[in-house]
There are 2 protein chains.
Amino acid sequence: MDQLDNIDLKLLRLLGEDSRLTTKELAAKVNLSPSPVFERVKRLEAAGYIKKYIALIDAEKLNYGLIIFCNIRLKQHDKSIGHQFVTDIMKLKEVVECYNISGDYDFLLKVYARDMKHYQDFVFNKLGSVKSIGSTHSTFVMCENKNTHNINF
Amino acid sequence: MDQLDNIDLKLLRLLGEDSRLTTKELAAKVNLSPSPVFERVKRLEAAGYIKKYIALIDAEKLNYGLIIFCNIRLKQHDKSIGHQFVTDIMKLKEVVECYNISGDYDFLLKVYARDMKHYQDFVFNKLGSVKSIGSTHSTFVMCENKNTHNINF
DNA sequence: CTTGAAAAATGGAGGGT
DNA sequence: ACCCTCCATTTTTCAAG
């Protein structure tokens with residue numbers, strides 16, 4: 001699949017907002033019949049433009065009301081230490097996102113916790129047992145103003 | 001809907017990973033027949049545990065290869081300035097997430113850009129025209145190691 | 001891309017524990 | 001209250017033109 005036309009892009013935008021739109025509904029929105037839309041979507045899936053379909057779950061309703069961005073500095077910076085850190089961090093269910101970043105710190109984690117007590121336990125007992133960590137700095141989210149989960153292309 | 005049993009939680013976990021699982025497939029995984037599973041999912045949707053269904057689009061394939069976390073300090077901290085900032089920032093398509101945070105800065109933005117040139121343009125021309133901004137600090141993502149898009153409850 | 005038809009899933013009625 | 005087994009309707013999926 002070499003390049004996308006405007007209809008492909010529109011389908012991606014629509015599905016990125018609401019993946020429960022039926023082929024018929026998509027067809028109406030792009031002024032085509034269902035069959036070609038179906039084929040286009042299959043092609044977009046096969047070519048990897050659509051990575052997966054998920055349901056967005058309300059974290060607050062499940063008593064995960066606290067979001068924290070946790071900056072982490074490693075003790076050393078060789079490749080194996082970094083790789084070990086990522087492997088260790090992957091196992092922690094509270095960690096939803098993990099980025100290798102530029103600047104003062106090496107990694108940025110997005111963490112979901114039930115409350116402060118839970119986060120304290122996470123930092124002391126879970127991060128505390130990851131040997132490669134040198135120091136951490138936590139930034140607490142007071143309000144999530146926007147989260148689209150997809151790029152707005 | 002007062003409280004969820006283990007089957008409800010399992011359904012949320014399954015749909016949070018793959019929302020294209022059919023009622024039949026979900027039923028097999030929780031050892032029930034399709035009908036009660038269908039009803040449970042509808043209840044979870046109506047009660048807001050499932051916020052929406054989306055397709056995850058590959059940003060890199062659409063030439064949005066650069067992720068930046070942009071820390072922002074406002075000039076002043078009264079309510080109306082903060083509200084105006086959020087309103088202005090919402091309109092910027094490059095901004096995918098926006099958080100009101102504790103610490104040295106007031107807001108944290110997650111930004112997707114095509115490349116450095118695009119990001120430079122974003123900072124100078126788009127953020128540059130948001131009057132409420134005092135100063136900014138950008139952290140560049142070198143590697144996205146993990147992004148689950150949902151809590152792991 | 002269109003038409004059209006088979007296969008599958010959705011969504012509901014009615015009954016059982 | 002919760003679950004099950006059908007069954008009609010709709011949607012998906014894939015031919016052939």
Side-chain angles (χ1 to χ4, degrees), chain A residues 1-64 114 148-153, chain B residues 1-63 148-153:
Chain A
M1 193 166 201
D2 39 349
Q3 53 186 7
L4 309 181
D5 63 15
N6 287 331
I7 294 179
D8 291 320
L9 292 174
K10 188 160 185 186
L11 291 172
L12 289 177
R13 280 190 206 99
L14 289 165
L15 290 171
E17 264 297 304
D18 180 6
S19 65
R20 280 309 181 81
L21 290 166
T22 64
T23 309
K24 204 186 209 174
E25 289 168 324
L26 289 172
K29 286 179 193 291
V30 298
N31 297 313
L32 255 67
S33 67
S35 291
V37 171
F38 173 76
E39 280 160 15
R40 279 167 182 269
V41 173
K42 286 300 153 207
R43 260 188 293 128
L44 291 168
E45 289 169 1
Y49 289 92
I50 296 171
K51 291 195 285 190
K52 62 195 297 204
Y53 296 93
I54 64 168
L56 292 180
I57 310 303
D58 190 319
E60 282 192 37
K61 277 206 189 291
L62 293 170
N63 293 319
Y64 275 75
R114 281 190 291 279
T148 62
H149 293 278
N150 267 315
I151 55 168
N152 311 110
F153 48 99
Chain B
M1 194 165 198
D2 39 348
Q3 53 185 5
L4 309 182
D5 63 15
N6 286 331
I7 294 179
D8 291 319
L9 291 174
K10 189 161 185 184
L11 292 172
L12 289 177
R13 280 191 205 99
L14 289 165
L15 290 171
E17 264 298 303
D18 179 6
S19 65
R20 280 310 179 83
L21 290 166
T22 64
T23 308
K24 203 185 211 174
E25 289 168 324
L26 289 172
K29 286 181 193 290
V30 299
N31 296 312
L32 255 66
S33 71
S35 291
V37 170
F38 174 76
E39 280 160 15
R40 279 168 181 268
V41 172
K42 286 301 152 205
R43 258 189 294 131
L44 291 167
E45 289 169 1
Y49 288 93
I50 297 171
K51 291 195 283 190
K52 61 195 295 203
Y53 296 92
I54 64 167
L56 291 180
I57 309 303
D58 191 318
E60 282 192 38
K61 279 206 188 291
L62 292 170
N63 293 319
T148 61
H149 293 277
N150 266 315
I151 55 170
N152 311 111
F153 46 99

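Here is the naming used below: chain letters follow the sequence lines, and residue numbers restart at 1 for every chain. No hydrogens, no waters, no symmetry mates; every other heavy atom, side chains included, goes into these values.
Using a 4.0 Å heavy-atom criterion, one finds that B:Ser33 contacts the bases of the nucleic acid, with or without backbone contacts as well.
Summarising the geometry, the separation between CG on A:Leu26 and C1' on C:dC1 is reported as 17 Å, rounded to the nearest angstrom. Rounded to whole Å, atom P of D:dC2 lies 18 Å from atom CG of B:Asn31. Counting to the nearest Å, the C1' atom of C:dT10 and the CD atom of B:Glu25 are 14 Å from each other. Per the geometry, CG belonging to B:Asp8 stands 9 Å off P belonging to D:dC3, to the nearest Å. The CG atom of A:Leu21 sits 12 Å away from the P atom of D:dT11 (whole-angstrom rounding). Note: NZ (B:Lys24) to C1' (D:dC4) measures 16 Å, nearest angstrom. The CG-P distance, from B:Leu32 to D:dC3, rounds to 5 Å in whole Å.
With sequence neighbours excluded, no residue satisfies salt bridge (Lys or Arg N to Asp or Glu O under 4.0 Å) with A:Glu60. In this view, A:Ala47 and A:Met1, A:Tyr49 satisfy the side-chain contact (heavy atoms from CB on, under 4.5 Å) rule, not counting sequence neighbours. For A:Tyr64, the ring pair (Phe, Tyr, Trp, His ring centres under 6.0 Å) partners at least two apart in sequence or on another chain are A:His118.
Contacts classified as side-chain hydrogen bond (donor to acceptor under 3.5 Å, both in side chains) and involving residues 35-44 of chain A (residues at least two apart or in different chains) are given here: A:Asp5-A:Arg40, A:Asp8-A:Arg40, A:Lys42-A:Glu45. Among residues at least two apart or in separate chains, salt bridge (charged side-chain N to carboxylate O under 4.0 Å, His left out) pairs with a member in residues 50-59 of chain B are A:Glu17-B:Lys52. Screening residues 21-34 of chain A for side-chain hydrogen bond (donor to acceptor under 3.5 Å, both in side chains) gives A:Thr22-A:Glu25 as the qualifying pairs, with residues at least two apart or on separate chains.
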Just do the side-chain contact (heavy atoms from CB on, under 4.5 Å) check on B:Leu62 and A:Leu9 with the steps written out, would you? CA-CA 9 Å; B:Leu62 292 170; A:Leu9 292 174; 4.0 Å; yes
B:Phe153/A:Asn63 under side-chain contact (heavy atoms from CB on, under 4.5 Å): CA gap, chis, key distance, verdict: CA-CA 9 Å; B:Phe153 46 99; A:Asn63 293 319; over 6 Å; no
For every nucleotide of nucleotides 11-17 of chain C, 5' to 3': is a protein heavy atom under 4.0 Å from its base (B), only from its sugar-phosphate (S), or from neither (-)? SB-----
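Five base pairs at each end of the helix from C:dC1-D:dG17 to C:dT17-D:dA1 define two local axes, and these are offset by 30° (rounded to 10°).
Note: B:Ile50 CD1 to A:Ile57 CD1 = 5.0 Å, rounded to the nearest 0.5 Å.
B:Arg40 has a side-chain polar atom (N or O) that falls below the 4.0 Å cut-off from OP1 or OP2 of D:dC3.
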